[in-house]
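Residue numbers start from 1 in every chain, and the chains themselves are labelled A, B, ... in the order their sequence lines are given, proteins ahead of strands.
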Amino acid sequence: MTSAKSPVSNKNPLTAPAPDLWRDPDARPFVFFDGVTKTFDDFTAVDNISLKIYKRELFCLLGGSGSGKSTLLRMLAGFEQPTQGRILIDDVDMAGIQPWNRPVNMMFQSYALFPHLTVEKNIAFGLKRQRLADVDIKRRVADMLDMVQLGHLGKRKPHQLSGGQRQRVALARSLVKRPKLLLLDEPLGALDKKLREETQFELINIQEELGVTFVVVTHDQEEAMTLATRIGVMNQGNIVQVGEPHDIYEYPNSRFVARFIGSVNLLDGRVTEDEPDRVRIRCNDFEPPVYLNHGISCAPNQEVCVAIRPEKMLISHEPPAQTDNTCSGVIEDIAYMGSLSVFRVRLDSGKELRVTQPNISRDSGARFTWNERVHLYWDVDSAVVLTS
Amino acid sequence: MSQANGYTAAHSRLQRVLHKLPLKRINWGRQLVISMPFVWLAVFFFVPFLVVFKISLSETAIAIPPYTALIELEDALLNIKLNLGNYLFLWEDSFYLEAYLSSIRIAGVSTLLALIIGFPMAYLIARSESRTRTILLALVILPFWTSFLLRVYAWVGLLKKNGLVNDILINLGIVSEPIQMLQTDFAVYIGIVYTYLPFMILPLYTALEKMDMSLLEAAEDLGCRPFQSFFLVTIPLAMPGILAGCTLVFIPAVGEYVIPALLGGSDTLMIGRVLWDEFSLNRDWPMASAVATVMLVVLVLPIMLLRNRKEAE
Amino acid sequence: MAVQRRSWFLYTSSALGFLFLYVPIISLIIYSFNKSKLVTVWGGWSFKWYGELFQNEQILSAAWLSIKIAFISASLAVVFGTMAGFALSRMGRFRGKMLLSGWISAPLIMPEVITGLSLLLLFVAMEDLFGWPAGRGTLTIILAHTTFCMAYVAVVVQARMADFDTSLEEAAMDLGAKPSSLFFLVTLPLIAPAILSGWLLSFTLSLDDLVIASFVSGPGDSTLPMVIFSKVRLGVTPEVNALATLMILIVAVGVVVAMLQMRKRPKP
């Protein structure tokens with residue numbers, strides 16, 4: 001299975017298939033957190049995390065501030081030691097290995113470019129520590145500068161560069177030693193929105209071209225969705241879900257993940273019918289049952305939560321043909337966002353739902369107005385049932 | 001399989017042991033970096049105070065050094081003589097108490113004057129554009145780099161009976177004959193304010209420069225008149241700077257010797273001068289030590305502790 | 001708006017403040033060129049007192065001694081002060097950190113008479129106990145000056161260290177620099193301006209110190225401030241005006257050069 005997808009030819013990096021080793025249960029992890037806990041005084045920053053990251057992955061650790069994502073990254077770099085558990089990189093236990101001896105490089109959130117050195121010398125810094133020959137250093141620095149398209153700025157000092165240029169110097173500096181593993185701490189955080197979007201794709205290209213494993217820490221879910229092969233969502237020192245961006249978005253495993261990634265409508269209810277091929281749930285907020293075309297594992301009559309993404313709900317003036325998966329309410333508010341419109345619909349129970357509709361035609365936003373009674377409905381496979 | 005595992009385990013154990021070694025060496029360097037300044041300060045800063053305290057408890061003697069020993073071993077008899085006489089004398093002779101009080105008064109008045117003169121200057125500098133700011137800051141710092149002694153001495157020339165200030169006052173018709181300014185407390189105030197003004201301006205500037213101008217606008221937007229927003233916003237925000245500046249002026253001023261010696265009159269009582277005279281004119285080292293100990297305990301330590309606590313907050 | 005309305009007051013009071021700072025200095029400079037020995041009488045321009053200054057053996061030898069002492073003390077103070085500043089800002093927690101930070105800042109505000117007396121008594125006691133330092137003179141002045149100058153260096157270095165965050169040092173480690181080389185590759189170049197200004201500050205303070213040096217010096221070793229003080233107590237002496245002018249000139253040039261340097265090197 002993996003051989004068919006392994007990146008034999010890398011001629012066109014954009015179309016090279018991602019080596020999704022994580023689907024292979026026998027695959028050897030490249031980075032292995034084995035029951036890692038880190039406490040600072042009486043604060044537990046990382047709580048017994050086990051995580052496998054595979055070669056050539058672009059793994060995103062996604063979480064809010066204080067979720068422990070940066071601590072996890074700093075333990076990989078060697079700036080923090082785990083209180084418990086061990087970390088293996090390429091099967092080598094990292095315990096006691098100092099940062100300067102690790103096959104790992106890091107791109108810092110602040111970029112941490114040495115202000116007293118030129119761009120070239122910043123990039124050459126790591127190579128000089130390896131005591132490479134001057135010719136080799138020169139060549140590799142020049143190659144790196146070309147790769148990040150800064151060949152003409154080698155003699156400048158960091159303060160003479162723009163934010164985007166600094167970011168690329170930082171990237172070049174962390175890659176020039178050809179680390180097995182590159183750690184990126186909020187790599188795009190300091191850039192403005194437009195630059196960030198461009199840089200995202202550049203980062204993916206470079207990663208695929210060099211075949212280095214990336215671990216990225218970010219609090220920006222959009223960034224994580226675009227960049228990552230897999231995402232690990234973190235909350236309060238735990239990894240709450242690991243999966244491909246698509247899985248995380250479409251099949252969140254908890255209310256926290258569903259709410260953290262994108263926006264979502266959460267409806268509390270109770271399971272009334274639970275068969276292997278279908279489930280019926282009675283929601284607290286409206287009469288018609290929620291019907292799903294797949295089974296879930298839960299106790300009969302269990303209290304559950306139904307999660308539906310706003311873009312998966314449809315809105316109409318007339319009642320839909322289906323009798324399941326529908327409810328009705330009054331439009332409370334409309335936000336026109338250009339490519340789509342967001343409706344806030346108040347159900348008769350008082351609960352508010354969020355619905356988005358793409359503006360397919362120019363006047364499609366004008367079809368609905370405030371205080372109108374509308375019907376909402378969705379497909380049998382649109383909702384997700386959350387038990388936690 | 002298990003053999004391979006055993007190998008990697010042994011390998012990682014070996015690595016861990018190997019990496020313990022350079023770590024040990026680094027810790028030595030760390031110990032050295034911490035302990036060298038520590039030991040230096042212990043020997044040349046902390047221990048001297050203990051010596052001062054010890055000598056303040058001995059008696060003056062015509063000897064070299066001019067004091068008696070505290071502890072004597074005499075015929076297998078250990079004699080410890082603690083002479084509290086110096087402290088008793090300090091307490092009983094109103095001269096010393098007056099000197100302390102007058103030092104506090106002179107230093108306090110000077111600090112207040114420095115604050116009043118320094119605040120508008122610091123405010124102006126903090127609100128200037130960056131080019132002018134650099135120049136004005138340089139102008140404040142420049143005198144600070146020139147000799148303190150010479151700057152005090154410059155005032156001797158200005159304040160004496162036939163000096164520049166009297167010349168100007170007479171020419172302007174403000175006074176008809178020269179007034180005595182040198183060898184008065186007034187000259188001492190001028191000297192202290194002049195010498196320590198940069199110490200007041202710099203912390204004030206640091207505090208004011210950090211202040212966001214939009215806070216004043218917000219205050220006025222919420223109905224403050226300018227002078228109200230000055231007292232309600234600017235002053236509270238500049239408080240750390242005001243406190244730092246006052247400490248930096250007051251403490252050295254309390255113990256000042258050179259300024260009262262050059263500009264003050266014979267009746268300008270300041271404790272630094274008293275200490276110096278006890279030491280060099282009377283050669284009464286124990287008494288000088290007692291004066292120093294009391295000054296340290298009563299004036300300097302409380303302010304330093306207060307400052308440290310403020311910083312800890 | 002508020003600033004505008006207040007500005008006439010601000011400008012006048014600040015102008016008076018700067019006038020207050022500079023009138024004495026300017027008067028010193030002008031009178032150093034006065035031909036007449038009487039300060040009040042203007043006898044025309046003259047370089048007479050500069051000539052006399054350079055023939056005054058006592059002042060010249062004292063100046064040389066002071067420069068030597070200032071050079072050595074400043075250099076020692078930079079070494080210890082940098083160590084202390086580094087330890088306090090970069091070495092995490094260690095036993096006695098509070099004590100060290102208290103001790104290092106204390107000499108800054110300690111009245112000079114106390115520092116001077118306590119050091120003198122220490123040196124006397126040490127000579128009594130170990131026979132070192134034998135007598136008092138250049139060595140004891142250097143020891144005393146190093147002690148209070150290192151406090152200034154430590155404060156300046158610490159402030160500079162607080163300016164740049166630890167990620168620079170972490171980045172260096174991440175790129176393979178061992179802690180031993182880290183200091184010289186990254187930390188030292190970054191704090192070099194602070195160390196330089198700490199050294200200059202120490203040099204000036206040492207050159208300027210009268211009280212402490214008077215306490216701890218011996219009979220033979222008179223520093224420049226001690227000589228000036230003894231001359232000044234006897235009245236205004238025109239050579240001292242000339243000396244002051246020269247010192248002010250040197251410092252002014254130094255400060256201007258430093259300022260220009262600073263402007264060339266923008267902050268990180």
Side-chain angles (χ1 to χ4, degrees), chain B residues 26 30 33-34 36-38 40-41 44-49 51-52 55 65 117 120-121 123-124 127 134 138-139 142-143 145-151 153-158 162 164 197 216 220 226 229 247-248 251-252 254-255 257-258 262 272 275-276 279 288 292 295-296 300 304 308, chain C residues 2-3 5-6 10-11 13-14 17-18 20-21 23-25 27-28 31 39-40 80 83-84 86-87 91 94 96 100 102-104 106-107 109-114 117-119 121-122 124-125 143 147 150 179-180 204 208 210-211 225 228-229 232 236 240 244 247-248 251-252 255 259 263:
Chain B
I26 294 154
R30 183 187 153 92
V33 170
I34 293 172
M36 279 185 54
F38 212 99
W40 183 285
L41 283 172
F44 293 113
F45 186 72
F46 183 67
V47 172
F49 293 132
V51 178
V52 168
I55 289 171
I117 297 174
M121 294 172 79
Y123 193 90
L124 184 79
R127 294 286 158 263
T134 322
L139 283 177
L142 195 70
W145 287 86
T146 59
S147 169
F148 152 70
L149 184 58
L150 291 175
R151 280 183 293 138
Y153 155 73
W155 281 104
V156 177
L158 289 176
N162 46 5
L164 188 68
L197 193 57
L216 283 186
E220 294 189 9
S229 61
T247 323
L248 287 178
I251 297 194
V254 161
Y257 164 71
V258 176
L262 281 183
L275 192 156
W276 175 270
F279 168 77
M295 177 149 84
L296 193 68
V300 181
M304 284 206 313
N308 278 0
Chain C
V3 184
R5 259 178 278 144
R6 265 205 302 269
L10 255 187
Y11 284 122
S13 52
S14 299
F18 280 109
F20 176 62
L21 278 180
V23 162
I25 295 177
S27 77
L28 265 188
Y31 279 113
V39 174
T40 35
F80 291 118
M83 281 181 167
F86 186 78
M91 290 197 154
F94 54 85
L100 183 60
W103 279 359
I104 199 81
I109 52 170
M110 194 55 71
E112 286 169 319
V113 281
I114 295 186
L117 178 72
S118 68
L119 278 167
L121 297 180
L122 174 84
V124 170
L143 291 174
T147 305
M150 68 187 274
S180 47
T204 340
D208 202 18
L210 168 68
V211 175
I228 295 175
F229 189 64
V232 163
V236 176
V240 174
M247 288 174 78
I248 290 164
V251 167
V255 169
M259 284 276 175
R263 191 172 304 163

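- Atom CG of residue B/Leu296 and atom CD1 of residue C/Ile114 lie 5.0 Å apart, to the nearest 0.5 angstrom.
- When heavy atoms are compared at a cutoff of 4.5 Å, C/Ser27 approaches chain B solely by way of its side chain, counted from C-beta outward.
- With chain C as the partner, the residue from B/Pro252, B/Pro143, B/Ala288, B/Gly272 showing the most heavy-atom pairs under 4.5 Å is B/Pro143.
- If you take CZ on B/Phe45 and OG on C/Ser118, they are separated by 7.5 Å, rounding to the nearest 0.5 Å.
- Two residues are said to be in side-chain contact when any heavy atoms from C-beta on lie closer than 4.5 Å; B/Met295 and C/Val113 meet this criterion.
- Side-chain atoms of C/Phe20 and B/Leu197, non-hydrogen and from C-beta on, do get closer than 4.5 Å to each other.
- Atom CD1 in B/Ile55 sits 4.0 Å away from atom CG in C/Leu121 (nearest 0.5 Å).
- In terms of heavy-atom proximity, C/Ala252 sits nearest to B/Leu142 at CA-CD1, 3.7 Å.
- Across C/Pro24 and B/Leu158, no two heavy atoms sit closer than the pair CA-CD1, 3.6 Å.
- Taking all atoms of both residues into account, the shortest heavy-atom contact from B/Val33 to C/Ala87 is CG1-CB, 4.4 Å.
- Closest non-hydrogen pair, B/Pro120 versus C/Leu10, comes out as O-CD2, 3.4 Å.
- Proximity to chain C involves both the backbone and the side chain of B/Phe148, based on heavy atoms less than 4.5 angstrom apart.
- Side-chain contact between B/Trp40 and C/Leu143 is present, with heavy atoms from C-beta onward closer than 4.5 Å.
- Contact of B/Phe38 with chain C is made through backbone and side chain together, with heavy-atom distances under 4.5 Å.
- Between B/Val300 and C/Pro111, the closest heavy-atom pair is CG2-CD, 3.7 Å.
- Residue with the most contacts toward chain C among B/Thr146, B/Val51, B/Leu275, B/Ile34: B/Ile34 (heavy-atom pairs, distance under 4.5 Å).
- When side chains are defined from C-beta on, B/Met121 counts as touching C/Leu21, because their heavy atoms get closer than 4.5 Å.
- Listed options C/Ala125, C/Gly102, C/Gly96 were ranked by heavy-atom pairs under 4.5 angstrom with chain B; first place goes to C/Gly96.
- Using the six-membered ring where Trp is involved, C/Trp103 and B/Phe46 have ring planes that are parallel, under 30° apart on the 30 and 60° scheme.
- Contact check for C/Met110 versus B/Phe49: side-chain heavy atoms found under the 4.5 Å cut-off.
- The shortest distance between side-chain heavy atoms of B/Tyr153 and C/Leu28 falls below 4.5 Å.
- Among the candidates B/Val52, B/Ile117, B/Val254, B/Leu124, the residue making the largest number of heavy-atom pairs closer than 4.5 Å to chain C is B/Leu124.
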